[in-house]
Peer 1: 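The following block contains the structure, expressed as structure tokens.
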Number of protein chains: 2
Amino acid sequence: MQPKRIIEAKQKARTPLLGAIYETADDLARLGLIEKRTMSRYQALCLAPVEPFDAEQIRLLRKRQRLSQTVLAAVLNTSPSTIRKWEAGEKRPSGPSLKLLNLLARKGLDGVV
Amino acid sequence: MQPKRIIEAKQKARTPLLGAIYETADDLARLGLIEKRTMSRYQALCLAPVEPFDAEQIRLLRKRQRLSQTVLAAVLNTSPSTIRKWEAGEKRPSGPSLKLLNLLARKGLDGVV
DNA sequence: ATTTTTTATATCACTTAGTGGCATAGATAA
DNA sequence: TTATCTATGCCACTAAGTGATATAAAAAAT
């Protein structure tokens with residue numbers, strides 16, 4: 001009787017990235033190197049860190065993508081007035097907004113369309 | 001002397017998607033079918049519409065991706081308490097949050113990592 | 001050259017999403 | 001049994017986000 005795979009029941013990987021991570025974690029678990037309990041954290045660990053963007057960096061990012069404030073607002077599904085305030089330093093982007101800015105910076109416009 | 005390309009000066013496409021759109025728009029402009037002025041709108045028009053997500057749909061999306069509330073929060077760069085409130089119907093996701101949920105639904109986890 | 005449109009800036013008051021803490025309870029795995 | 005993860009509930013607070021509108025500069029049309 002084969003040793004059971006530890007993750008399959010609850011966590012069936014749907015994406016290539018998580019798939020690879022699950023397999024690795026599964027191997028580690030069978031080797032006794034990690035507890036199954038630890039695994040749920042790996043899902044979070046594989047996330048690219050979200051970098052902060054200050055006012056000028058946001059403007060630079062927008063210019064680099066050749067977008068107007070209005071179009072960037074549409075891309076991020078927010079309002080032009082919000083974009084303006086970010087670039088004026090009056091407000092700072094929320095968590096999810098920062099995440100989108102990071103995606104835009106790393107993957108380009110196609111990555112967030 | 002060749003007819004000038006209408007967009008090249010200001011708008012040099014960086015991404016495949018916008019590149020194709022710019023070319024198309026440029027052709028249309030040279031054919032006299034659209035004004036250059038109209039072009040900036042095409043940037044916005046090519047965005048996938050952002051669908052609303054209600055409480056149950058958010059939970060379904062999360063379950064389908066096999067994520068806990070905590071991990072989904074990490075993915076979207078928000079707090080677990082926010083996810084909880086979405087799924088409880090106490091709060092509704094902000095614009096950028098909705099955008100991220102849409103990306104997750106359409107592209108899967110790899111699309112937002 | 002002048003007219004029109006886009007783009008960006010600015011200010012206002014308001015709404016509401018988001019946060020953090022903490023306590024409870026169920027499910028799961030050691 | 002014991003420990004951990006997961007989810008829920010309640011609280012009050014903060015700050016991001018919105019919408020309207022007015023102005024000015026930049027860009028592109030005629």
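Worth saying up front: this structure is predicted, and the values here are computed from it rather than measured. Numbered from 1 within each chain, the chains take letters A, B, ... in sequence-line order. No hydrogens, no waters, no symmetry mates; every other heavy atom, side chains included, goes into these values.
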Peer 1: Report the distance from atom CD of B:Glu87 to atom C1' of D:dG9, rounded to the nearest whole Å.
Peer 2: 14 Å
Peer 1: Run the side-chain contact (heavy atoms from CB on, under 4.5 Å) check on A:Leu76 and A:Val112 step by step: do they pass?
Peer 2: CA-CA 8 Å; A:Leu76 304 185; A:Val112 292; 5.7 Å; no
Peer 1: CG of B:Leu76 versus C1' of D:dA16: gap in Å, rounded?
Peer 2: 17 Å
Peer 1: Please determine whether a side-chain nitrogen or oxygen atom of B:Arg59 lies at a distance below 4.0 Å from atom OP1 or OP2 of D:dT8.
Peer 2: yes
Peer 1: Return the value, rounded to whole Å, for the distance between atom CG of A:Leu100 and atom P of D:dG17.
Peer 2: 11 Å
Peer 1: Starting at atom CZ of B:Arg84, determine the distance to atom P of C:dA25, rounded to an integer number of angstrom.
Peer 2: 15 Å
Peer 1: When the nearest nucleotide of DNA chain D is assigned to B:Thr70 and to A:Glu90 on a heavy-atom basis, which residue is associated with the more 5' position?
Peer 2: B:Thr70
Peer 1: Specify the closest pair of heavy atoms between A:Phe53 and A:Ala105, including all atoms of both residues, with the distance to one decimal.
Peer 2: CZ-CB, 3.9 Å
Peer 1: Check whether any side-chain N or O of B:Gln65 sits under 3.5 Å from a backbone N or O of B:Arg62 as a donor-acceptor pair, and report yes or no.
Peer 2: no
Peer 1: What residues, two or more places apart in sequence or in another chain, satisfy side-chain hydrogen bond (donor to acceptor under 3.5 Å, both in side chains) together with A:Gln69?
Peer 2: A:Glu87
Peer 1: I want to check one thing: is the phosphate of D:dT8, taken as OP1 and OP2, less than 4.0 Å away from some side-chain N or O of B:Gln69?
Peer 2: yes
Peer 1: Nucleotides 18-21 of chain C: which of its N/O atoms have a protein N/O under 3.5 Å away?
Peer 2:
residue	atom	partner	partner atom	Å
C:dG18	OP1	B:Ser94	N	3.2
C:dG18	OP1	B:Ser94	OG	2.9
C:dG18	OP1	B:Ser97	OG	3.0
C:dG18	OP2	B:Trp86	NE1	2.8
C:dG18	N7	B:Lys91	NZ	2.8
C:dG18	O6	B:Lys91	NZ	3.3
C:dT19	OP2	B:Thr78	OG1	2.6
C:dT19	OP2	B:Ser79	N	3.1
C:dT19	OP2	B:Ser79	OG	2.7
C:dT19	OP2	B:Thr82	OG1	2.4
C:dT19	O4	B:Lys85	NZ	3.4

Peer 1: Please collect all side chain to side chain donor-acceptor pair (under 3.5 Å) contacts where either partner lies in residues 92-105 of chain A, sequence neighbours excluded, each pair once.
Peer 2: A:Ser94-A:Ser97
Peer 1: Give the rounded distance in Å between these two atoms: CZ of A:Arg62 and P of C:dT6.
Peer 2: 17 Å
Peer 1: Yes or no on side-chain contact (heavy atoms from CB on, under 4.5 Å) for B:Thr78 and B:Leu72, after CA distance, side-chain angles and deciding distance?
Peer 2: CA-CA 8 Å; B:Thr78 185; B:Leu72 178 60; over 6 Å; no
Peer 1: State which residues pass side-chain hydrogen bond (donor to acceptor under 3.5 Å, both in side chains) with B:Ser79; sequence neighbours excluded, sorted by chain then number.
Peer 2: B:Thr82
Peer 1: For A:Ile83 and C:dA10, give me the distance from atom CD1 to atom C1', rounded to whole Å.
Peer 2: 17 Å
Peer 1: Please report the C-alpha distance between A:Leu67 and A:Leu109 in whole Å, then the side-chain angles of each, then the deciding distance to 0.1 Å, and finally whether the side-chain contact (heavy atoms from CB on, under 4.5 Å) criterion is met.
Peer 2: CA-CA 10 Å; A:Leu67 304 173; A:Leu109 200 45; 4.0 Å; yes
Peer 1: Where along residues 49-57 of chain B does a heavy atom come under 4.0 Å from DNA chain D, residue by residue in number order?
Peer 2: none
Peer 1: Between B:Val113 and B:Val75, is a side-chain contact (heavy atoms from CB on, under 4.5 Å) present by the stated rule, with each step listed?
Peer 2: CA-CA 7 Å; B:Val113 157; B:Val75 171; 5.8 Å; no
Peer 1: To 10°, what angle do the rotation axes through the five end pairs on each side of the helix from C:dA1-D:dT30 to C:dA30-D:dT1 form?
Peer 2: 70°
Peer 1: Output the rounded distance in Å from CG (A:Leu98) to P (D:dA16).
Peer 2: 11 Å
